[in-house]
Each structure stands twice: as C-alpha cells, then as structure tokens.
Amino acid sequence: MAASSNSSLSGSSVSSDAEEYQPPIWKSYLYQLQQEAPRPKRIICPGEVGNRPKYYGREFHGIISREQADELLGGVEGAYILRESQRQPGCYTLALRFGNQTLNYRLFYDGKHFVGEKRFESIHDLVTDGLITLYIETKASEYISKMTTNPIYEHIGYATLLREKVSRRLSRSKNESRKASVTNEEHTAVEKVHTFRGPHWCEYCANFMWGLIAQGVRCSDCGLNVHKQCSKHVPNDCQPDLKRIKKVYCCDLTTLVKAHNMQRPMVVDICIREIEARGLKSEGLYRVSGFTEHIEDVKMAFDRDGEKADISANIYPDINIITGALKLYFRDLPIPVITYDTYSKFIEAAKISSADERLEAVHEVLMLLPPAHYETLRYLMIHLKKVTLNEKDNFMNAENLGIVFGPTLMRPPEDSTLTTLHDMRYQKLIVQILIENEDVLF
C-alpha cells in the first residue's frame, strides 16, 4: 500500500493582522475524492480460529491461500480479510479488494499495525487510510504531480509577513555587534510529520491534505502546514512566531530567543538574577540538589508564565531549587549550549598540553558557536565567575563548577555512554577554562 504522498511539518498555522492577511481559496477536488473513496468492509470468519493473534479480530481467517482469500472477498470494493501465510507460518497478510483486483500486503505489528511508514491503532483505520490513498492516487495522480506548480504560498500574506519581520529586524540591527545580533541569526525550520484532526488544507498549494493520519508536515516554529512533497519547495528560513512557541524548556535555544526577540533565553536571565540576589554565598551552590518536584514546578511556571514566572524567595526559599531549574533548562535543550557541531573541537582543544595554545584553541572554537549559544554561554560564565569569587562561603571553585556544568553544557553527538565517560574530564576542563578566563575569552 503506497504510503500517502503527503506526510507532515510540526507547529501550528500562521496568523497575521487582519489587514495584512488575504484568505486563500482552498481547492476542494482532493477533499471530494476522499469522500468518494471506498469504505472498508470487514469480512468476518464464521468460525473460531485457534491460532489467531490477540491483536487481530474476527477478520482473521487463519492459514488460507490467496485464491481462497480472493473468493472470500467476493469482488466487493473495500472488502478485506487477514490471513496467515501458507508458505511462511507466523507471517500475516492483509488481503484488500480495490480497483477490481485483490491486493495483498505484508502486515506487521509492533504495538501498532502497519504495512508501510504509517502506524495505526486499528486494522480498520489502516484499511480506511489505505483505501483513501489508493483511490486518490489512482484518480488524481497527474493532478497531484502538478500541485506544486501554482502555489498560493507567496500570496496568502504568510511569506510577505515573514519577509517584513526579517527586514525590520535586520535594518534595526545592521550596525550592532555580534553580541547584539543574536536574534538575527539564520534559523532553519524544524519540520515534522503531523496528524491533523479534521480536514486540513496545504498552505503551499491550497489542496486538501488527505488520509486519516500523517497527512502532512507542520513547522514547529512558524506553524506552516503543508504536504510532504510541498515542503521541499518552502524556504527553510522561517521566522518563529511567538504564538507557536508553547514552552520555554525543551525548545531550541535559537528559536526561543528569535521568537522573544531577546539576546538570551529569559529563564537564564531570571534564574541568574535570583541566584545572584540571594544565593552566591550558599554552601555547595549548583552542587547541592533541590527537591525534584519543586524544580519541576519552576519548569512548569516558566512554560506557563514565561518572563512573569514567580521564582522569588516567598515561593521557593531554597535557592537550590532555582539552581536546579537552571541546570535542568540546559540539560533539556535539544541542541546543547556547546553545540554538537563544536563538541569534538572543544574536546580536542582540551587535550592540548600547552596552556597558552589550549586557551587560543578554545577561543577559536568559541567563535564557531551560533550567536544565541555564544551569548548564553558568555552570560553564564560571567555569573559562574561571580560564584567562584565567593568560594570561601560556598566552597565552589572553577573546577567544582566544571564537574557540575561539563556534562550539562556539552554532550557528544553520538549517544554513547563510553564516549561520555571518556570525555568527562575534558568537559570539566573546558568549563573550568571558560570560567577562569571569561574576561579574556569572551
């Protein structure tokens, strides 16, 4: 069964001011075809089948031949049964009647049913989606191949709005330094397969997005909804829409600062401000853990309230809760502050024996960080330097902080426990060097 030729991007749809937005004319042809597609008709086995897998129902007919399956289907469009292979016991087949012929598909189950990329909760849903896809691709193959030739993308106010946003920001910051240019760095859209509830139309070609699940892709940052094949034609430098950024934690660092038009994530500024106001002399600062459930409360407060989150001493008297929330923010980043692209270069720099050469190598790699990551790291190192200046009270020097923040700020690209263990001393050393030399390196 051909997987639907439209799969999905992750986010929500774009909105703009009423005077800027021109509603597109959605095309109904593919929607009408979906309504016309054959409906699934389950052919029930009249007797009990002893070896029926528990995840199949009465549509399972046991070990029968293709010819017997064809006879059971009776030439009825949309009729289907499940059978066990005669040649390969333990392997199962979906026999489906479509287009005046019986189609046979190898059927799999791993907690969900599938014959291709899409996974379904029930056989009924799998067959329904398959019939829709087969019918539309049979009736409208030429139409589908030409869907991208006359897009509405440039005419619905969406692209215009994004260009205006970008040009305004670029003009405002044309003469600003690297540290002030964080919000203008290039951003690559994150596209994910998405299942839309209810009818949805592609915001690139204006055609219906057919199927039951995984009908298209959605951009997690700007919310554009398009067919999978249409996504190849959409520019990948979208401007994140603040309305689409639903949380602070677990959000890409660059996406967050661009959406909020800030130099650094607000959670970093707010937590550090609170820690410096009342916690610099706290013994074991950053080493001592706060209660996990209270740290989760702070996380939820930032995700819910953003910069209005209240993390004051009245609510969270234990400063270790705030330090824990800040460390959790860094751990939850999909791309660490010290990015995967620069990780190996930092590790190699840490291995240099000459202190002066090592410092120069670290400085060179720092320049490779994306602006948002660079600025966040710079601000954190200034803060951690202040922590070390209170070492006689908090007992936290640069080495101790390196042990805490090494694996928090940098992770190897490959998820290897062996690599992580081997690199721990170099991770610690890199953070230690950054703290001790923050005034030179940044």
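Of the possible donor and acceptor atoms, none in the side chain of Thr342 sits under 3.5 Å from a partner among the backbone N and O of Ile338. With Asp252 contributing its side chain and Thr255 its backbone, the two residues share a donor-acceptor pair below 3.5 Å. Looking at His200, its side chain never comes within 3.5 Å of a backbone N or O of Thr195 through a donor-acceptor pair. In this structure, Asp125 contributes its side chain and Phe120 its backbone to no donor-acceptor pair below 3.5 Å.
In terms of heavy-atom proximity, Gly290 sits nearest to Asp318 at CA-OD2, 4.3 Å. Nearest heavy-atom pair, Val257 versus Ala372, reported as atom, atom and distance to 0.1 Å: CG2-CB, 3.6 Å. Closest approach of Gly211 and Ile132 over heavy atoms only: N-CG2, 3.9 Å. The minimum heavy-atom distance between Gln86 and Ser65, with the atom names listed, is OE1-CB, 3.4 Å. Between Leu131 and Pro38, the shortest heavy-atom contact is CD1-O, 3.5 Å. Nearest approach of Ala361 to Ile352, heavy atoms of both residues: CB-CD1, 3.6 Å.
For the pair Met266/His260, a side-chain contact is recorded, criterion being any heavy-atom separation below 4.5 Å from C-beta on. For the pair Thr93/Leu82, no side-chain contact is recorded, criterion being any heavy-atom separation below 4.5 Å from C-beta on. Side-chain contact check for Lys41 versus Tyr80: every heavy-atom pair is 4.5 Å or farther apart. Ser289 is not listed as a side-chain neighbour of Asn320, based on a closest heavy-atom distance of 4.5 Å or more. No side-chain heavy atom of Leu441 sits under 4.5 Å from any side-chain heavy atom of Met381. Using a 4.5 Å heavy-atom cutoff, the side chains of Leu126 and Leu107 are in contact.
Remark: aromatic rings of Tyr379 and Phe442 are distant, center separation not under 6.0 Å. Ring centroid separation for the pair Tyr31 and Trp210 does not come in under the 6.0 Å cut-off.
In this structure, Arg119 CZ and Tyr109 OH are separated by 12.0 Å, a value rounded to the nearest 0.5 Å. Once rounded to the nearest 0.5 Å, the distance linking CG of Asp423 with CD1 of Ile430 reads 10.5 Å. Rounded to the nearest 0.5 angstrom, Ile81 CD1 and Leu72 CG are separated by 5.0 Å. Rounding to the nearest 0.5 Å gives a distance of 5.5 Å between CG of Leu94 and CG of Leu96. Between the SG atom in Cys230 and the CE atom in Met209 there is a gap of 8.5 Å [rounded to 0.5 Å]. Atom CD1 of Ile322 and atom CD1 of Ile311 lie 4.5 Å apart (nearest 0.5 Å).
Checked against side-chain hydrogen bond (donor to acceptor under 3.5 Å, both in side chains), Tyr143 has the following partners two or more places apart in sequence or in another chain: Asn207. Phe114 meets the ring pair (Phe, Tyr, Trp, His ring centres under 6.0 Å) test with Phe108; sequence neighbours excluded. Residues passing the ring pair (Phe, Tyr, Trp, His ring centres under 6.0 Å) test with Phe98, sequence neighbours excluded: none. Here Asp269 pairs with Arg264 under the salt bridge (charged side-chain N to carboxylate O under 4.0 Å, His left out) rule; sequence neighbours left out. Applying the side-chain hydrogen bond (donor to acceptor under 3.5 Å, both in side chains) rule to Lys139 yields no partners; only residues at least two apart in sequence or on another chain are considered. Applying the ring pair (Phe, Tyr, Trp, His ring centres under 6.0 Å) rule to Phe405 yields the partners Tyr286; only residues at least two apart in sequence or on another chain are considered. Judged as a side-chain hydrogen bond (donor to acceptor under 3.5 Å, both in side chains), and not counting sequence neighbours, Gln34 has no contacts. The side-chain hydrogen bond (donor to acceptor under 3.5 Å, both in side chains) search around Arg106 returns none, not counting sequence neighbours.
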Quiz item: Passes side chain to side chain contact (heavy atoms under 4.5 Å, CB included), Leu409 versus Leu377? Steps please.
Solution: CA-CA 9 Å; Leu409 298 176; Leu377 187 62; 4.0 Å; yes
Exercise. Quick one: do Asp129 and Val127 satisfy side chain to side chain contact (heavy atoms under 4.5 Å, CB included)? Show the steps, please.
Key: CA-CA 5 Å; Asp129 186 86; Val127 174; over 6 Å; no
Quiz item: Is there a side chain to side chain contact (heavy atoms under 4.5 Å, CB included) between Val337 and Met410 once you walk through the steps?
Solution: CA-CA 7 Å; Val337 175; Met410 55 194 304; over 6 Å; no
Exercise. Report the C-alpha distance between Glu296 and Tyr249 in whole Å, list the side-chain angles of each, state the deciding distance to 0.1 Å, and finish with yes or no for side-chain hydrogen bond (donor to acceptor under 3.5 Å, both in side chains).
Key: CA-CA 11 Å; Glu296 286 293 328; Tyr249 281 69; over 6 Å; no
Self-check item: side chain to side chain contact (heavy atoms under 4.5 Å, CB included) between Leu134 and Leu103, intermediate numbers included
Solution: CA-CA 11 Å; Leu134 288 167; Leu103 308 175; 4.0 Å; yes
Practice problem: Report the C-alpha separation of Asp341 and Thr339 in whole Å, then their side-chain angles, then the decisive distance to 0.1 Å, and conclude whether the side-chain hydrogen bond (donor to acceptor under 3.5 Å, both in side chains) test is met. | Solution: CA-CA 5 Å; Asp341 289 344; Thr339 61; 5.2 Å; no
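For the residue pair Tyr204 and Asn225, no side-chain donor N or O sits within less than 3.5 Å of a side-chain acceptor on the partner.
Residue pairs satisfying the salt bridge (charged side-chain N to carboxylate O under 4.0 Å, His left out) criterion with at least one member in residues 141-150, sequence neighbours excluded, are listed as follows: Glu142-Lys146. Counting only residues at least two apart or in different chains, salt bridge (charged side-chain N to carboxylate O under 4.0 Å, His left out) contacts with residues 325-338 comprise Lys299-Asp332. Residue pairs satisfying the salt bridge (charged side-chain N to carboxylate O under 4.0 Å, His left out) criterion with at least one member in residues 76-98, sequence neighbours excluded, are listed as follows: Asp70-Arg97.
By the 4.0 Å N-to-carboxylate-O rule, Lys345 lies too far from Glu348 to be salt-bridged with it.
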Can you list, pair by pair, the side-chain donor-acceptor contacts under 3.5 Å of residues 57-64, counting residues two or more places apart and other chains?
| residue | atom | partner | partner atom | Å |
| --- | --- | --- | --- | --- |
| Arg58 | NH2 | Cys45 | O | 3.0 |
| Glu59 | OE1 | Arg42 | NH1 | 3.0 |
| Glu59 | OE2 | Gly57 | N | 3.3 |
| His61 | NE2 | Ile43 | O | 2.8 |

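A 6.0 Å sphere centred on CG of Leu421 holds more than 12 heavy atoms belonging to other residues, nucleotides or ligands. Within a 6.0 Å radius of CD in Glu71, no more than 12 heavy atoms belonging to other residues, nucleotides or ligands are found. Residue Tyr340 qualifies as enclosed at atom OH: its count of foreign heavy atoms under 6.0 Å is above 12. Other residues, nucleotides and ligands contribute more than 12 heavy atoms inside 6.0 Å of the CG atom of Asp110. Other residues, nucleotides and ligands contribute at most 12 non-hydrogen atoms within 6.0 Å of the CD atom of Glu307.
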